[in-house]
Amino acid sequence: MNSTLRSLTSTASSLFSRSSLPAFKPLTLYTTTRRGTSRRARRKKMGLPEPEQTPDYTNWSASQLLKRITDLETQLRNNRIVPVTDPSVTAALPPKKKQKKDRPFDASRYNTRHIALKFAYLGQRYNGFEHHTGNKTPLPTIEEELWKAFMKTRLIFPTRGAESKEGEIDWEGTDYSKCGRTDRGVSAFGQVIGIRVRSLQPMPKEQPVQEEEQGDKMQGIEGNAKEQGSKEDKKPESKPWDHIRDELPYIQLLNRVLPEDIRMLAWCPTPPTDFNARFNCRERRYRYFFTSPAFAPVPGDAGLLTTATGKTLREGYLDIEAMRDAAKRYEGLHDFRNFCKVDPAKQITNFERRIFKASIEEVDVSQAPAGFISHPAFAQSVGAKNQMGGQGDMSIPKIYTFDVNGSAFLLHQVRHLVAVLFLVGQGFEPPSIISDLLDMEKYPTRPKYEMATDAPLVLWDCIFPDHEDIDQSREDAMEWVYVGETGGRETNKRPEMDGGDSKFGKGGIMDSIWEVWHKRKIDEILAGSLMDIVAAQGKRSPADVKLAPVAERSPRLFDGGDWPRPVGTYVPIARKQRMEPVEVVNARYLERKGPYKPKFMRKEDGDE
């Protein structure tokens, strides 16, 4: 028995001897140890106990030694060795730290205030702005991201906040309203919402009720009371709370938790009484971006075509002057039922809308995009001039926008307006087609044509004037506090010390927007360089390209997207099939679904 114990003891001890270390060379931790690491560190990484911590196997029983050897062999097969505690010694393990539990948030301790928020987003990663409960979408909506941000920062206290299910959105109790309801893929640079949020305004202090004292007691402490009163009078009065400077940094709080392509830009501390972002908005401004050429043109005589107005134009280019003539015809009060999608659920019967401005504008590439660096303050060195090119540089392809400002818009109205303008610009239709489509006697129902794509459309701004003049464009009367201004930056950060003022510099909003822009700009540069390389390759010059004339080829129709659509033989709008009258569409829906009862709807309102 003694010889067996001695043999087991010797075997177990040999597993921890220095001579046995080479047997562990296949272990990852051992072979990847940096040169110069101490032997103690190597043993620790391998899971080996220190020599002084090796159990005294002379006191172990045979069964304990056999179990230990079996464990060691198993650990070796698994390429790891775990130190074991001597069964003869009970080591006191340090107590585990308790995880901190989230303290319940007591909303009753805070004041709330109704504010307006202006923000921007790039819409291509989102399924539109509006969220519909129970309607699962392939992409998240902007409202879903806003809801998560407000709840995470605990800025709102919905009525059913604690009772809401995961993924459910219920704005009840927050006085929430939205201005524009953009479609899937559409962006916004001046979207506005109204909402009631948590405030740092101090809660009113309750005055302690003092019981009446006996006359003799009052006389006894009268002297002390006067003395105490004189001391309190000498205490400095607290600084009055400023509703802008001392308020929560709403912009920064939300931008920290929002996705990088949704950015808060400003907040209004004093919106009008009973402010509703939708109904108080008197003007919405949209811009639709496009290029000319709209797609890769065909070189030589084969690429020339004759437009509907008799002009000669190269395929791919747009007749900007004809588009400007057509766009002007949108201005004024018109019935736009031929320039929208009819939603029978809304039961809209009034399609009259007022357009204040409709124009085609060339984008000055020295001023946009990212043209802010042309300001002298961004010169690359002291006394140096900015290196941006002037108007005309980088002009191929040129960039244009269709700018349209109106009181309100129907469902998909802007994209229908642009689609017809592209037909005019490509020479398929004359500018007079706009006037004809606005004439309900000539076109009582809408011809079937495709609307323009969504990605280039931007809700540029929302205007809240202080008067009701509906005959002209107006200026915004809201007192916005923009990021970087007093009330628009974090008061605990000092630009001279922390390197940023919440707009420029470290941690500023410009840094995060630049990152988003830079990713896309590099893609543009690489794709453009690739086009130039491919166009220059080979021995044949563009002048030697021989193709069939445009009249003999299938025409390609540009709809604002990344490539033109072959359309076979183009059918003019005048000969296209017509949609059913609005009255018929609405009546069929009523018969099938019953009357629609919206929560908020005015006679002249539809979806933007």
Side-chain angles (χ1 to χ4, degrees), residues 127-139 141-144 167-172 176-186 276-279 281 284 330 333-355 406-420 433-434 436-454 457 559 571-608:
N127 209 82
F129 181 84
E130 198 166 42
H131 168 80
H132 298 279
T133 302
N135 182 23
K136 292 185 179 181
T137 56
L139 296 172
T141 64
I142 300 296
E143 274 190 327
E144 289 176 54
E168 184 181 3
I169 296 178
D170 188 351
W171 299 100
E172 185 177 353
Y176 172 76
S177 61
K178 54 202 169 193
C179 183
R181 292 163 290 173
T182 53
D183 304 320
R184 174 175 176 172
V186 177
N276 184 291
R278 181 183 179 188
F279 297 141
C281 181
R284 293 166 177 84
Y330 286 135
L333 182 66
H334 301 287
D335 188 314
F336 285 98
R337 70 182 62 205
N338 291 330
F339 294 93
C340 71
K341 178 181 178 181
V342 176
D343 184 0
K346 300 295 190 294
Q347 293 291 296
I348 297 175
T349 57
N350 180 13
F351 292 87
E352 286 191 347
R353 297 294 184 273
R354 186 178 298 277
I355 300 298
S407 57
F409 291 87
L410 299 160
L411 181 61
H412 299 331
Q413 180 180 342
V414 178
R415 292 165 63 186
H416 280 84
L417 298 177
V418 177
V420 181
I433 189 63
I434 304 296
D436 292 341
L437 288 172
L438 292 173
D439 188 341
M440 294 301 103
E441 293 185 0
K442 289 185 177 180
Y443 288 88
T445 58
R446 182 172 77 84
K448 290 185 176 180
Y449 62 89
E450 296 293 329
M451 65 179 175
T453 191
D454 48 28
L457 179 59
D559 63 357
V571 178
I573 285 181
R575 301 209 310 265
K576 288 184 182 292
Q577 186 178 357
R578 303 292 181 87
M579 304 287 287
E580 290 183 312
V582 174
E583 296 77 12
V584 174
V585 176
N586 285 343
R588 184 186 300 117
Y589 181 88
L590 279 178
E591 184 179 351
R592 188 174 70 254
K593 297 287 187 178
Y596 173 71
K597 297 179 180 180
K599 186 175 182 180
F600 296 108
M601 179 64 66
R602 297 183 303 185
K603 183 179 179 181
E604 66 272 20
D605 275 327
D607 286 332
E608 286 75 23

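Only heavy atoms go into these numbers, but all of them, side chains included; no hydrogens, no water, no symmetry mates.
For the ring-ring contact (aromatic ring centres under 6.0 Å, His included) test, residues two or more places apart in sequence or in another chain that qualify with Tyr176 are Trp171. In this structure Glu580 satisfies the salt bridge (charged side-chain N to carboxylate O under 4.0 Å, His left out) test together with Arg588, sequence neighbours excluded. For Lys442, the salt bridge (charged side-chain N to carboxylate O under 4.0 Å, His left out) partners are Asp436, not counting sequence neighbours. The salt bridge (charged side-chain N to carboxylate O under 4.0 Å, His left out) test applied to Arg337 returns Asp335, Glu583, not counting sequence neighbours. For Arg578, there are no side-chain hydrogen bond (donor to acceptor under 3.5 Å, both in side chains) partners two or more places apart in sequence or in a different chain. Among residues two or more places apart in sequence or in another chain, the side-chain contact (heavy atoms from CB on, under 4.5 Å) test is passed with Lys448 by Gln577, Met579. Every residue two or more places apart in sequence or in another chain that forms a salt bridge (charged side-chain N to carboxylate O under 4.0 Å, His left out) with Asp559 is listed here: Arg565. Residues meeting the ring-ring contact (aromatic ring centres under 6.0 Å, His included) test with Tyr443, sequence neighbours left out: none. For Thr141, the side-chain hydrogen bond (donor to acceptor under 3.5 Å, both in side chains) partners at least two apart in sequence or on another chain are Glu144. His131 meets the ring-ring contact (aromatic ring centres under 6.0 Å, His included) test with no other residue; sequence neighbours excluded. In this structure, the side-chain contact (heavy atoms from CB on, under 4.5 Å) partners of Asp454, at least two apart in sequence or on a different chain, are Val186, Arg415. With sequence neighbours left out, the ring-ring contact (aromatic ring centres under 6.0 Å, His included) criterion links Phe129 to no other residue.
Scanning all heavy atoms of the two residues, the minimum distance from Ala419 to Ala452 falls at CB-N, 3.6 Å. Of all heavy-atom pairs spanning Ile355 and Gln413, the tightest one is CD1-NE2, 4.2 Å. Nearest heavy-atom pair across Val582 and Ile348 is CG1-O, 3.8 Å. Contact detail for Leu139 and Asn127: the closest heavy-atom pair is O-CB, 3.2 Å.
Taking the side chain as every heavy atom from C-beta outward, Phe339 and Leu410 never approach each other to under 4.5 Å. Residues Pro581 and Thr445 are in side-chain contact: their nearest non-hydrogen atoms beyond the backbone lie under 4.5 Å apart. Side-chain contact between Pro138 and Arg184 is present, with heavy atoms from C-beta onward closer than 4.5 Å. Residues Tyr330 and Phe336 have side chains in contact (heavy-atom distance under 4.5 Å, counting atoms from C-beta outward).
Atoms NZ and CD, from Lys178 and Glu143 in turn, are 3.5 Å apart once rounded to the nearest 0.5 Å. In this structure, the separation between CG on Asn135 and CD on Glu130 is 10.5 Å, given to the nearest 0.5 Å. Distance check: Arg353 CZ to His334 NE2 gives 13.5 Å after rounding to the nearest 0.5 Å. Taken to the nearest 0.5 Å, the CG atom of Asn586 stands 9.0 Å off from the CG atom of Asp343. For the atom pair OH (Tyr449) and CD1 (Ile433), the distance works out to 9.5 Å, reported to the nearest 0.5 Å. Between Arg181 atom CZ and Phe409 atom CZ the span is 13.5 Å, to the nearest 0.5 Å.
Using a distance-only test at 3.5 Å, with no hydrogens or angles considered, a donor-acceptor pair links the side chain of Arg284 to the main chain of Ser407.
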key: side chain to side chain contact (heavy atoms under 4.5 Å, CB included) evaluation trace for Leu437 with Arg446   = CA-CA 8 Å; Leu437 288 172; Arg446 182 172 77 84; over 6 Å; no
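Taking the six-membered ring for Trp and thresholds of 30 and 60 degrees, His416 and His412 have nearly parallel ring planes, at less than 30 degrees apart.
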